[in-house]
J.: 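The structure follows.
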Amino acid sequence: MTRPSGTTEAGTTGAAAAAAAPGPGEAAGPARLAGRTALVTGASGHIGRAVCAELAARGAHVVGTRHGGEKRAALMLDAVAAAGGTGECVPLDVTDHDQATALLARLRREKTPPEVLVCAAGGTERVPALRAGPGTGRRAWELNVAGATALAAAAAKGMLRRRFGRIVLIGSRAGVAGLPGQPDYAAAKAALSAWAASAAWELGRFGVTVNVVAPGAVEADPHAEEAVYTAEEDRAVTERVAVGRLATAAEVAAAVGFLCSPAASYVTGQTLLVDGGARF
């Protein structure tokens, strides 16, 4: 159904959202995020670091958060600089709401409130269903869901005032298809998709989109102290992937970059699988 233009709140905000998107013949190039601040949690991780580089290449000033040492922060900053961008990397425990609130308050004071938020912090433990208990489920929920959604809700308030915002939560194929041996992790990632689909309805008329990027199996981080999966497990997964290989972090980041761009103004409430056509 086509709506006529008008002066209602929904009509004016819809027009503003459309104006932010590239018009016919207008390039949706890297500079489309120039002048905007992107906040990326888990920025010192493999996917988070690639996301920071992608957003920097698109012109955003990147504020990354880490829950690790200075060495990993330096790798993130090097990636941003190599992409021709600017950024910083600050410590943050995403499960600590007070820390997250303080960071958003600081960015507001500095006149750089985030208009793009990517929640890439997360983690898993191998705890089969029959061995899972309240403690394992609670940790998976706090790290993968509660911290991300609380931060997204807080950041969204500022986005509403500016009538522009991009929120991307890093999920997992496990949240769509399940993952034997890691049910708490799979359930937590599934919850992100439900939250995004719900929040999209509340925020969409204000030019704020909410989506999930759900990677499948990704190549190991060359800077990690230890691999999450064994080489044998990687080979077994690869045999069930249509393209015949694991994803690179940069490929996942490219999907995030599109959803963060003005060109994705009509994509919201979605879970985008980046899994190479996996079937397992």
J.: Quick one: are Q270 and L272 in side-chain contact, heavy atoms under 4.5 Å?
T.: no
J.: Can you see whether T86 engages H61 through a side-chain donor-acceptor pair at a distance of less than 3.5 angstrom?
T.: yes
J.: Does the pair E202/K157 count as a salt bridge with the N-to-O cut at 4.0 Å?
T.: no
J.: What distance do L39 atom CG and E115 atom CD have between them, rounded to the nearest 0.5 Å?
T.: 12.0 Å
J.: Locate the shortest heavy-atom distance separating A190 from G175; write the atom from each residue and the value.
T.: CB-O, 3.2 Å
J.: Can you confirm whether E125 sits close enough to Q182 that some side-chain heavy atom of one is under 4.5 Å from a side-chain heavy atom of the other?
T.: no
J.: Does R162 count as lying over the ring of F206, i.e. NZ or CZ under 6.0 Å from the six-ring centre, within 45 degrees of the axis?
T.: no
J.: Would you kindly say whether T209 and T268 are connected by a side-chain donor-acceptor distance under 3.5 Å?
T.: no
J.: When you check the gap from the basic side-chain N to the acidic O, do E251 and R245 get nearer than 4.0 Å?
T.: yes
J.: Give a yes or no on whether the backbone of A217 and the side-chain of R173 come within a donor-acceptor separation of less than 3.5 Å.
T.: no
J.: Please name the pair of heavy atoms, one in H67 and one in S44, separated by the smallest distance, quoted to 0.1 Å.
T.: N-OG, 4.3 Å
J.: Are C119 and I170 close enough that some pair of their side-chain heavy atoms sits under 4.5 Å apart?
T.: no
J.: Could you measure the distance from the CG atom of L151 to the CG atom of L103? Nearest 0.5 Å is fine.
T.: 7.5 Å
J.: Nearest 0.5 Å please: distance from the CG atom of L192 over to the OG atom of S172.
T.: 10.0 Å
J.: For a 4.5 angstrom cut-off between non-hydrogen side-chain atoms, does I167 reach M159?
T.: yes
J.: Taking all heavy atoms of L117 and all of A155, pick out the closest pair and write down the distance.
T.: CD2-CB, 4.1 Å
J.: Looking only at non-hydrogen atoms, find the nearest pair between C260 and L55 and report the distance.
T.: CB-CD2, 4.0 Å
J.: Does one hydrophobic cluster hold both V94 and V90, with members joined at side-chain heavy-atom distances below 4.5 Å?
T.: yes
J.: Do the non-hydrogen side-chain atoms of V40 and V62 ever get within less than 4.5 Å of each other?
T.: yes
J.: Do L259 and V213 pass the side-chain contact (heavy atoms from CB on, under 4.5 Å) test, and can you show the C-alpha distance, the side-chain angles, and the key distance before you say yes or no?
T.: CA-CA 9 Å; L259 291 175; V213 168; 3.5 Å; yes
J.: With distance as the sole test, does K189 use its side chain to make a donor-acceptor pair with the main-chain N or O of V176 at under 3.5 Å?
T.: no
J.: Testing the basics here: between V218 and A249, what is the closest heavy-atom pair and its distance to 0.1 Å?
T.: CG1-N, 4.0 Å
J.: Quick check: closest heavy atoms across A264 and F258, and the distance to 0.1 Å?
T.: CB-O, 3.2 Å
J.: Is L104 linked to L92 within one hydrophobic cluster, defined over Ile, Leu, Val, Met, Phe, Trp and Tyr using a side-chain heavy-atom separation of less than 4.5 Å?
T.: yes
J.: State whether the side chain of N211 and the backbone N or O of V267 hold a donor-acceptor pair below 3.5 Å, judged by distance alone.
T.: yes
J.: Going through the distances and angles, do W195 and V212 end up as a side-chain contact (heavy atoms from CB on, under 4.5 Å)?
T.: CA-CA 9 Å; W195 191 91; V212 174; over 6 Å; no
J.: Tell me, yes or no, whether the heavy-atom count around R126 atom CZ, taken from other residues, nucleotides or ligands under 6.0 Å, exceeds 12.
T.: yes
J.: CG/N144 to CG/L169 distance, rounded to the nearest 0.5 angstrom?
T.: 11.0 Å
J.: Do any N or O atoms from the side chain of R240 and from the backbone of A236 form a donor-acceptor pair under 3.5 angstrom?
T.: yes
J.: Determine, step by step, whether T112 and T37 satisfy the side-chain hydrogen bond (donor to acceptor under 3.5 Å, both in side chains) criterion, reporting the C-alpha distance in whole Å, the side-chain angles of both residues, the deciding distance to 0.1 Å, and the verdict.
T.: CA-CA 6 Å; T112 57; T37 297; 4.5 Å; no
J.: Quick check: is W141 connected to V127 through a chain of hydrophobic side chains (ILVMFWY, heavy atoms under 4.5 Å apart)?
T.: no
J.: Check whether any side-chain heavy atom of R32 sits under 4.5 Å from a side-chain heavy atom of S261, and report yes or no.
T.: no
J.: Counting only heavy atoms from other residues, nucleotides and ligands, does the tally under 6.0 Å from CD of E232 exceed 12?
T.: no
J.: Do side-chain atoms of H46 reach the backbone of P222 as a donor and acceptor pair under 3.5 angstrom?
T.: no
J.: May I ask you to decide if L246's main-chain N or O and D234's side chain share a donor-acceptor pair within less than 3.5 Å?
T.: no
J.: Is V168 linked to L273 within one hydrophobic cluster, defined over Ile, Leu, Val, Met, Phe, Trp and Tyr using a side-chain heavy-atom separation of less than 4.5 Å?
T.: no
J.: Roughly how far, to the nearest 0.5 Å, is the CG atom of D98 from the CG atom of D93?
T.: 11.0 Å
J.: Using a strict threshold of under 4.0 Å (side-chain N to carboxylate O), is an ion pair present between E88 and R106?
T.: yes
J.: How about E142 and T95: does a side-chain donor come under 3.5 Å of a side-chain acceptor?
T.: no
J.: How far does SG of C89 sit from CG of L75, to the nearest 0.5 angstrom?
T.: 10.0 Å
J.: So do V208 and L160 actually touch side chain to side chain, heavy atoms under 4.5 Å?
T.: yes
J.: Ignoring hydrogens and angles, tell me if any N or O in the side chain of E219 forms a donor-acceptor pair with the backbone of T248 under 3.5 Å.
T.: no
